[in-house]
Amino acid sequence: MELKICHLYPDVLNLYGDGGNIMCIQKRLIWRGLGAEVVRLPLGSKTSLAGFDIVFIGGGQDFEQQVLLEDLHRGRADEIRAAANDGVVFLTICGGYQMMGHYYETFDGKRCDFIGLLDLCTLGAKQRMIGNYKFRCTESAGGSVVVGFENHSGRTMLAPGLEPLGTVLAGFGNNGEDKTEGAHWKNVFGTYSHGPMLPKNPQFCDVLLATALERKYGRAALEPLDDAAESAAHDEMCFKI
Ligand code: GLN
């Protein structure tokens, strides 16, 4: 069994070690004797999104989010919508997560019209939301406690029908007000968690892998791994936040 993984816009959306998520996905497959092919599709790449099992999109500053708009609306947005509707697993972080929604209006009034796949929008605020934080995933996203680092100006509001990824236990999450964090629709997962997120949240990584394997092969043969180091990192952060 093998998964084909896409790192979309690695040249413009890749903050605070986001690329480490790709390494984590790849390692946790290889350690189990499963195949993992990683393809990076930078801004302007003509390679189609068709055929990928997991698509990863990291975070970026307001400037980078504006820079990629032209490329996004020259076909990428259509491909992302098609893949997500087809059940491809997406992990999208911060700027990449905001991009899955309708729009992001920066604090200085610049509007980025995004993909509109997730029923959410984001408004920039003067005060940034910065710091280590933690949240509990919903049952449908595995129920684990995720620890991470957030740094965003955007306050994201989910439409009533859209399920959050989890509930904030400490920190800001989507907007610092309603205790929601991220969003989960079909197999699209959006979160504000940088860090990188997956190495210290192995349970959540395995939810993504199991979802992608089940979609592709009808079963997820995920043997347990020795997660002693990963769990120690997780628990240490969890305790301190
Ligand atoms: N520029 C966006 C914001 O400030 C996203 C930041 C990020 O990806 N860390 O909200």
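In listed order, ligands and their atoms are each counted from 1. All values below were derived from every heavy atom in this structure, side-chain atoms included, with hydrogens, water molecules and symmetry-related copies excluded.
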Margin query: Please determine whether a side-chain nitrogen of the Lys or Arg among K110 and D62 lies less than 4.0 Å from a carboxylate oxygen of the Asp or Glu.
Written below: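 Salt bridge flag = no for D62 with K110.
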
Checklist line | Salt bridge D206-R32, side-chain N to carboxylate O under 4.0 Å | finding: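 Result for this pair is yes, salt bridge flagged.
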
For ligand 1, does [X] get within less than 4.0 Å through its side chain, its backbone, both, or neither, judged by non-hydrogen atoms?
X: L15; value: side chain
X: Y192; value: neither
X: Q61; value: backbone

Next item on the list: Compute the minimum heavy-atom distance from Y104 to ligand 1 and say whether it is under 4.0 Å.
Entry: yes

Next item on the list: Could you tell me if any non-hydrogen atom of E150 lies under 4.0 Å from any atom of ligand 1?
Entry: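 No, E150 has no heavy atom closer than 4.0 Å to ligand 1.
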
Next item on the list: Without swapping roles, check the side chain of K200 against the backbone of E230 for a donor-acceptor pair under 3.5 Å.
Entry: no

Item checked: N/O separation below 3.5 Å, Q98 to ligand 1 ->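 Yes, there is a polar N/O contact under 3.5 Å.
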
Next item on the list: Indicate yes or no: does an N/O atom of G154 lie under 3.5 Å from an N/O atom of ligand 1?
Entry: yes

Check: Hey, are the side chains of L118 and V188 touching, using non-hydrogen atoms and a 4.5 Å cut-off?
Finding: yes

Item checked: cation_pi(K4, F52) dist<6.0 Å, angle<=45 ->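 Ring-cation test returns yes.
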
Given [options], identify the one with the heavy atom nearest to [atom].
atom: atom 1 (N) of ligand 1; options: T106, D62, L13; result: D62
atom: atom 5 (C) of ligand 1; options: G60, S153, C112, G96; result: G60
atom: atom 9 (N) of ligand 1; options: Q65, M99, H152, H194; result: H194

Using a strict 4.0 Å cut-off to heavy atoms of [X], name the atoms of ligand 1 that fall inside it.
X: G59; result: 8 (O)
X: G95; result: 5 (C), 7 (C), 8 (O)
X: N151; result: 6 (C), 7 (C), 9 (N)
X: R128; result: 4 (O)

Check: What about Y133 and F149, are their ring centers closer than 6.0 Å?
Finding: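 No; F149 has its ring centre 6.0 Å or more from that of Y133.
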
Item checked: Centroid separation F204 to F189 less than 6.0 Å -> yes

Next item on the list: Before giving the answer on side-chain hydrogen bond (donor to acceptor under 3.5 Å, both in side chains), spell out for Y9 and N14 the whole-Å C-alpha distance, their side-chain angles and the decisive distance to 0.1 Å.
Entry: CA-CA 8 Å; Y9 298 141; N14 193 5; over 6 Å; no

Next item on the list: Find the distance between CG (D113) and NE2 (H73) and round it off to the nearest 0.5 Å.
Entry: 6.0 Å

Item checked: atom 7 (C) of ligand 1: the protein heavy-atom neighbour that sits closest, reported with distance to 0.1 Å ->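 Of the protein heavy atoms, C94 SG, 2.7 Å lies nearest.
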
